[in-house]
Amino acid sequence: MKSRVLLLIVVALTVMIAAPGFAADKLRIGVTLHPYYSWVGNIVGDTAEVVPVVPPEADPHSYQPRPQDLARFAKLDAVVVNGLGHDEFIRSMLKAADDKNIKQINPNQGLPLIPVFRKVYAFENNGNAGTKVSYNSHTYIAITGAIQQINTLARELGKLRPEHAELYRKNARKYAKKLRLMLGDALDKINELDSGKLKIATVHDGYAYLLQELGVEASAVIQPRHGIEPSAKQLQDTINQIKEAGVTALFTEMDFQKKYVKIIYEETGCRVYQFTHVSGGPYNLNKFEADMQKNLDAIVQAMRDAQ
Amino acid sequence: MAAATAPSADLKVKIVEPLASRRETFFVLAAICVIVLLMALRFAAVGGDDKTQYIRPYQRLDSILSGKQRTLYQSMLASTEDVIELREREGQWPEAALLEIETVPPFDEKFLPPSLRGLTWTEHDGNSWVDYIGQDPNQDDQENITYILRVIDLHAEYHPHPHPGLDYDPNQKVAVQVWVFPQPARPYPGERLPEAGWWWVVGPNDPSLSPDAVQTTPGPSPNGGT
């Protein structure tokens, strides 16, 4: 009799654990970039586990996955990928983990993209003939673009867990409203100022989406891609172009080498500000908002200084 | 030299004739071709997805828009969830004025850069779909275009086509499109936008650019009708 009861308990437990929707069966969603961690975390709340695919300080352009990354990756149900070239390491991870079992979610689907014209600066006005065109992968450094991507993520995650779809949609909308207020606040401040007095150069083209939604155009891009240092000739060309275009504000990144900033500042006299790439540091739910607020503040400050 | 002309009895001399060298060259070239072929096959096998895009005659890539116009286009797409939410709350498609009150851009202009302000938004409620037309009263500005944000209830018996997604898709209740006409203050054309010469704007990675992603004719209803 005892053995029968024991057998019954074992069978019941096995069925419970194996059944879909069991309490312990939380969705495990991998993310490749810091902003995706914030976005997904704000959408799913505590109904799912958000798992960074790579360590916080990893450079997504050159990261080589380690065995422990692959082991963690293989346990995911879905992974949010940039798909525009910003997280190429994910291809090998998907391959290694048999990508048929892990759903890829691309928040960039249907998003308006900005082409990258390599070695072409906005004020050269020499057309696009003969240049290679690819799309700027930094769609996550923007507010309106982020809102559109957050909506896409909520929809796609809702398909994976229909019982939470409504909650995801509501959370996404609430989060989007919060982000929109940040943008509105920055635009309010910018609108009081004469934007015509500010001419911007950036150290790479990752901020094109943010500048576009603020109605600000970058006149030059010094470092077209991460990790590629400008040569002496490129630097001299840039200095000449900054002078020619009358650039008044140079936006660098936190990790951009100060020696180049110093040279440019000494040669051109334009003020130097910093943008954050919304990368590096610990993964947390507020990182996207906090970093984007810094970027918005930097632009407002540059515009005020230019008056 | 002497060994070549007068070999000893133990030494075997083999003269390589021209025909043999040609054969060797042929085999080397053949081996190279095989290697190149194998490499090409390997690249083809791991080369990724088919990137072919199927753009319809009435579709245009968003590259036709200027930078600021693209911001407005994106703002329209990002407003969709608010439109859906308000429809559920109010029981009907929200008016443009309500969207402005609810601080939804582009209807509420304070979330747009100054260069994008000045459009007048009006809604056209088709019951199962809604069109929001954004017209620029400043008709002298040749840069400006007229926009329509179209939101379609895919689960309604009748709704306009073409649209992205499939009728009665259990995973997708609503389809969203942005249409443009390259003139400011163009009058509202009614339901049939392609026939009226309007363009459906899509991003370069828009799912509607895949072969089966656009439904151009009504699909079967879940009740068996059409």
Side-chain angles (χ1 to χ4, degrees), chain A residues 83-84 91 95 106 108-115 122 128 133-135 139 142-152 154-156 158-160 162 165-166 169-170 172-174 176-177 179-188 190-191 193 195 208-209 211-218, chain B residues 46-49 61-86 88-89 102-106 108-117 164-165 169-178 201-210 213:
Chain A
L84 293 172
R91 286 175 185 268
K95 198 92 184 163
N106 179 356
N108 285 307
Q109 55 182 283
L111 203 73
L113 302 176
I114 297 178
N128 306 324
V133 179
S134 60
Y135 290 102
T139 51
I143 300 288
T144 310
I147 291 170
Q148 202 183 339
Q149 292 177 77
I150 288 161
N151 289 339
T152 301
R155 273 196 302 274
E156 294 300 319
K159 288 177 192 172
L160 291 177
E166 190 54 30
R169 200 156 69 87
K170 282 193 172 152
R173 191 164 180 248
K174 189 175 160 193
K177 275 194 163 183
L179 297 177
R180 196 177 280 155
L181 286 175
M182 284 169 54
L183 177 65
D185 184 49
L187 281 167
D188 269 352
I190 286 172
N191 292 341
L193 305 166
S195 60
Y209 293 97
L211 295 174
Q212 183 177 274
E213 70 183 354
L214 292 171
V216 179
E217 189 185 349
Chain B
V46 300
D49 309 327
L61 287 177
D62 62 12
S63 53
I64 64 160
L65 304 175
S66 69
K68 65 176 187 177
Q69 289 169 340
R70 252 198 317 266
T71 302
L72 190 70
Y73 163 59
Q74 184 162 43
S75 178
M76 292 162 79
L77 293 175
S79 70
T80 313
E81 293 301 320
D82 295 277
V83 173
I84 296 167
E85 183 91 6
L86 287 168
E88 285 172 3
R89 197 179 80 191
E102 292 283 332
T103 66
V104 179
D108 185 350
E109 291 189 328
K110 73 169 181 262
F111 297 101
L112 297 175
S115 58
L116 285 175
R117 297 179 184 181
D169 182 345
N171 288 319
Q172 186 183 349
K173 197 173 178 215
V174 167
V176 182
Q177 299 165 293
V178 171
V201 182
V202 291
N205 60 348
D206 195 287
S208 76
L209 296 178
S210 60

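Each chain gets a letter, A, B and so on, in the order its sequence line appears, and its residues count up from 1. Values below: all heavy atoms of this structure, side chains included; hydrogens, waters and symmetry mates excluded.
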Gap between atom [atom2] of [Y] and atom [atom1] of [X] - 0.5 Å precision:
X      : Y      : atom1 : atom2 : answer
B:K110 : A:L183 : NZ    : CG    : 11.0 Å
B:E109 : A:L187 : CD    : CG    : 12.0 Å
B:F111 : A:I143 : CZ    : CD1   : 11.5 Å
B:T103 : A:L181 : OG1   : CG    : 6.5 Å
A:Q212 : B:K68  : CD    : NZ    : 11.5 Å
A:N108 : B:D206 : CG    : CG    : 12.0 Å

Ionic contact status for A:R169 with B:E88, cut-off 4.0 Å = yes
Is any NZ, NE, NH1 or NH2 atom of the basic residue among A:R180 and B:D108 found under 4.0 Å from an Asp or Glu carboxylate oxygen of the other?
->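 Between B:D108 and A:R180 there is no salt bridge, as every charged N stays at least 4.0 Å from the carboxylate O atoms.
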A:R173 versus chain B, the contacting section by heavy-atom distance below 4.5 Å | side chain
What part of A:L111 is in contact with chain B, defined as an atom under 4.5 angstrom from a non-hydrogen atom: side chain, backbone, both or neither?
-> both
Take B:R70 and A:E213, measure what side chain to side chain contact (heavy atoms under 4.5 Å, CB included) needs, and give me the verdict at the end.
-> CA-CA 9 Å; B:R70 252 198 317 266; A:E213 70 183 354; over 6 Å; no
Assert top hit (heavy-atom pairs under 4.5 Å, partner chain B, pool A:A142, A:A165, A:G158, A:G110) equals A:G110
A:L113 and B:P204 have their tightest heavy-atom pair at CD1-CG, 3.6 Å
Closest non-hydrogen contact found for A:Q109 with B:P207 is OE1-CG, 3.6 Å
With the side chain counted from C-beta on, respond yes when A:K170 and B:E85 share a heavy-atom pair under 4.5 Å apart, and no when they do not.
->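 A:K170 reaches B:E85 side chain to side chain.
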With a 4.5 Å limit on heavy-atom distance, are the side chains of A:P112 and B:D62 in contact?
->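 In short, these two side chains touch, coming nearer than 4.5 Å.
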Would you mind checking which part of B:S63 comes under 4.5 Å of any heavy atom in chain A, side chain (CB onward), backbone (N, CA, C, O), both or neither?
->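 When you check distances to chain A, no heavy atom of B:S63 falls under 4.5 Å.
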Contact class of B:L112 relative to chain A, heavy atoms under 4.5 angstrom |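 The backbone, not the side chain.
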Out of B:E81, B:Q172, B:K173, which residue meets the side chain to side chain contact (heavy atoms under 4.5 Å, CB included) rule with A:R155?
->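 Only one option passes, and that is B:E81.
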Chain A: which of B:L116, B:N171, B:V104 shares the most heavy-atom pairs with it under 4.5 Å?
->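 The candidate making the most pairs under 4.5 Å is B:N171.
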